[in-house]
Structure formats: structure tokens, C-alpha cells
Amino acid sequence: VGTQSLKYDNQIHIIDFDDENNIINKNVLIHQAGEIWHISASPADKGVLATCYNKTSDSKVMTCAAVWRMPKELESGSHESPDDSSSNTQTLELLCHLDNTAHGNMACVIWEPMGDGKKLISLADNHLLLWDLQESSSNAVLSNSAALEGKGQLKFTSGRWSPHHNCTQVATANDTAIRGWDTRSMRQIYYIENAHGQLVRDLDFNPNKQYYLASCGDDCKVKFWDTRNVTEPVKTLEEHSHWVWNVRYNHSHDQLVLSGSSDSRIILSNMVSISSEPFGHLVDDDELSDQEDHHQEEKTKEPLQDSIIATYEEHEDSVYAVEWSSADPWLFASLSYDGRLVINRVPRALKYHILL
């Protein structure tokens with residue numbers, strides 16, 4: 001969790017959740033560079049992360065990006081609370097800056113999903129920049145770039161790197177539009193002109209089903225797209241009453257979708273009809289003993305219905321971030337404007353329904 005403070009050194013809090021004892025521990029790291037607007041963790045090295053932060057120079061505010069390493073002892077996620085004697089605050093080690101002097105303000109940094117943690121993309125104003133990290137991440141080399149051209153508000157707000165197609169596709173959002181890019185040619189491969197009625201805030205790819213992309217925005221909607229045919233969304237959720245800041249697919253069970261909004265609520269949806277298992281968990285024919293079972297099986301294999309599983313209202317302020325745990329598929333965390341971090345579980349009944 002990153003802080004946004006103008007007066008003091010900003011911090012990154014490494015939150016450690018001990019599931020068995022239901023205890024939260026935190027370690028504080030100093031992020032000397034400025035207030036933090038975006039954090040993303042390396043997929044390959046759990047001690048490495050990238051931040052986008054504000055920096056003031058010559059009375060101008062710039063948003064810059066850098067790659068950092070946290071102290072070794074924090075990587076393992078030990079459940080011990082730091083002793084008071086040793087809890088002197090530690091500092092993040094700067095590995096390298098992603099130099100954006102020529103390209104404008106950094107909106108976000110995204111890592112190649114399945115990669116070795118050496119490739120990342122940053123979105124700066126209207127530029128899409130592909131970086132290679134070299135010399136054990138101490139140097140970032142710009143290997144390719146593309147730019148938005150045309151009329152209107154040409155500033156990227158967010159982006160996602162698809163885990164499919166050998167990681168050659170990236171989706172970006174700017175204003176009300178969503179674009180797909182091929183990272184090899186840096187050319188546009190699809191374009192959803194008015195994906196949302198207002199600003200698109202966030203995107204996420206279905207981790208288990210190719211071509212499926214979720215988006216959310218200031219029109220209070222969450223939409224699901226098949227990028228092969230972008231004329232209409234496959235599904236639209238209209239459950240929130242204010243801007244939707246985040247949408248996230250569960251990594252293992254992609255029918256579970258989280259969305260967080262400035263209506264102070266988090267909604268957990270079961271989007272099973274467009275998931276990778278629309279009929280639930282399929283049983284092989286040879287697992288069935290005789291004809292009778294077979295007939296029964298035929299009857300029950302209707303596609304399951306989409307539904308809202310739960311609405312979480314523990315936040316009293318705008319929810320700006322929701323994330324699934326990468327270690328436990330039934331756990332998720334959310335963060336609101338007032339600094340409250342909430343950790344929740346998927347309802348047990350649903351968990352067993354999905355598993356069994």
C-alpha cells in the first residue's frame with residue numbers, strides 16, 4: 001500500500017496477513033521519491049516493484065516511474081511482528097528510473113505477465129513505452145514505443161498486458177476508448193471507440209479465457225468484451241451508483257469478478273456464463289457408471305446463471321483499489337480514500353459450490 005502525503009516522506013506499507021490467526025502485520029518502507037499514484041509488483045521477483053509518483057521540479061509537477069527492491073527479509077512474508085528495538089524504518093532500494101522526460105507524465109507501469117521480470121510497459125501521457133530491464137534491473141532501456149494520435153483527450157489512464165497470445169497483446173484505456181496493441185509491431189489491433197459513456201478507469205483480462213476483457217468507468221458500469229468482435233459488450237453490469245475505479249478477475253476461478261467504486265462499495269459478481277467453465281465443473285462420460293446417471297447428467301447441464309454474490313460495505317469512503325490475493329484464491333483486499341484497508345473472503349458456501 002502506498003501513501004500520498006505532501007508534507008512527509010511517503011511510505012510503502014508491506015501488509016502481511018496471517019490467515020490462520022487472522023492477524024495483520026505491517027512493515028513500513030520509506031519511498032523518498034514522492035506521493036505514490038500507482039504500484040505494480042514484478043511477476044518474477046517478489047522483492048521488486050515499480051511505482052509511479054509525483055515529483056516537483058521548477059514549480060512543475062511531473063509523474064515519474066521507478067523500479068525498486070524491498071529489503072530481503074520482507075520478501076518471505078514472515079508472520080513475526082518486528083521487535084520494537086529493530087523496527088527502525090527501512091528504505092526501498094532504487095534499482096532504476098524509467099526516464100520519461102521526453103514523453104510526459106506516467107500513468108501506470110505494467111509488467112509482462114508470464115515473463116522473467118525484465119520487460120515492462122509504461123503509459124506516459126499519449127505514449128506507450130516498452131522497456132527492457134538490464135544489468136540486474138539497474139538500467140531500463142527503451143526498446144519500442146507507440147503514440148496515440150488524433151483529436152480529443154489523448155492521455156492514457158490505464159492498461160493491462162494480456163497473459164494470452166504469448167504475451168504479445170496489451171490493452172489500454174484513454175478517455176472513453178479502449179485500444180488493443182501488438183507489442184511486436186506496436187500497432188493497434190482493435191479499437192473500442194465509446195467503450196464507456198464516460199472515462200474508462202480500469203481494465204483486466206480473463207486469465208483463463210482468451211479474448212475476454214473487463215472494463216469499468218465513470219458511467220458506473222462494468223463491461224465485458226470479446227476483443228474479436230468489439231461492436232457490443234458481451235455483458236454489462238450496472239450495480240454501482242458512482243464511478244467504478246477497479247475491476248479484477250479472480251486468477252483461478254475467473255467467474256468471480258470484483259469491482260470497487262466511489263459509491264464506497266465492493267461488489268463480488270459471479271459471471272459464470274462468460275467464464276471458462278460456463279457449465280460449472282464438467283464431468284467426463286467415463287466417470288458415469290450407467291445410462292441412468294447419464295440421463296440425469298443431461299438434465300443438469302444447463303449454463304449456470306450470472307448473479308451478484310455479495311456487496312461489501314465496510315468502507316465509508318470511495319474505494320480506489322481492489323485486488324485478489326495471488327496466494328489464496330478466496331481472499332481479496334480493498335483500500336479506500338480514508339486509508340482503510342479491508343481484507344475479505346469469498347463466502348464459504350460459494351467456495352464449496354465452485355469446488356464441489
Taking atom types as modelled, find out whether [X] and [Y] have a side-chain donor-acceptor pair closer than 3.5 angstrom.
X      : Y      : result
Thr56  : Asn54  : no
Thr168 : Asp182 : no
Trp131 : Ser122 : yes
His251 : Ser326 : no
Ser261 : Asp263 : yes

For the pair [X] (side chain) and [Y] (backbone), establish whether a donor and an acceptor sit closer than 3.5 Å, ignoring hydrogens and angles.
X      : Y      : result
Asn27  : Ile14  : no
Asp328 : Trp330 : yes
Trp243 : Asp219 : no
Arg265 : Glu239 : yes
Asp116 : Lys118 : yes
Thr3   : Ser5   : no

message: Using every non-hydrogen atom in the two residues, find where Asp254 and Ser276 come nearest and quote the distance to one decimal.
response: OD1-OG, 2.6 Å

ring-ring contact (aromatic ring centres under 6.0 Å, His included) contacts touching residues 28-70 (sequence neighbours left out): His31-Tyr53, His31-Trp68

Among Ile121, Leu49, Val48, side-chain contact (heavy atoms from CB on, under 4.5 Å) partner for Trp111: Val48

message: List the residues meeting salt bridge (Lys or Arg N to Asp or Glu O under 4.0 Å) with Asp226, not counting sequence neighbours, and say none if there are none.
response: Arg228

message: If you apply the rule side-chain hydrogen bond (donor to acceptor under 3.5 Å, both in side chains), what do you find for Gln11 with His13, and how did you get there?
response: CA-CA 6 Å; Gln11 303 169 341; His13 292 213; 2.7 Å; yes

field: Co-members of Leu199 in a cluster of I, L, V, M, F, W and Y side chains, linked at under 4.5 Å
entry: none

message: Can you tell me how the ring of Tyr249 sits relative to the ring of Phe224, calling it parallel under 30°, perpendicular over 60° and tilted otherwise?
response: perpendicular

Output field: ring centroids Tyr312/Phe332 closer than 6.0 Å: yes

- prompt: Less than 6.0 Å separating the ring centroids of Tyr212 and His164?
  reply: no

- prompt: Ile189 and Ile178: same hydrophobic cluster, using ILVMFWY side-chain contacts below 4.5 Å?
  reply: yes

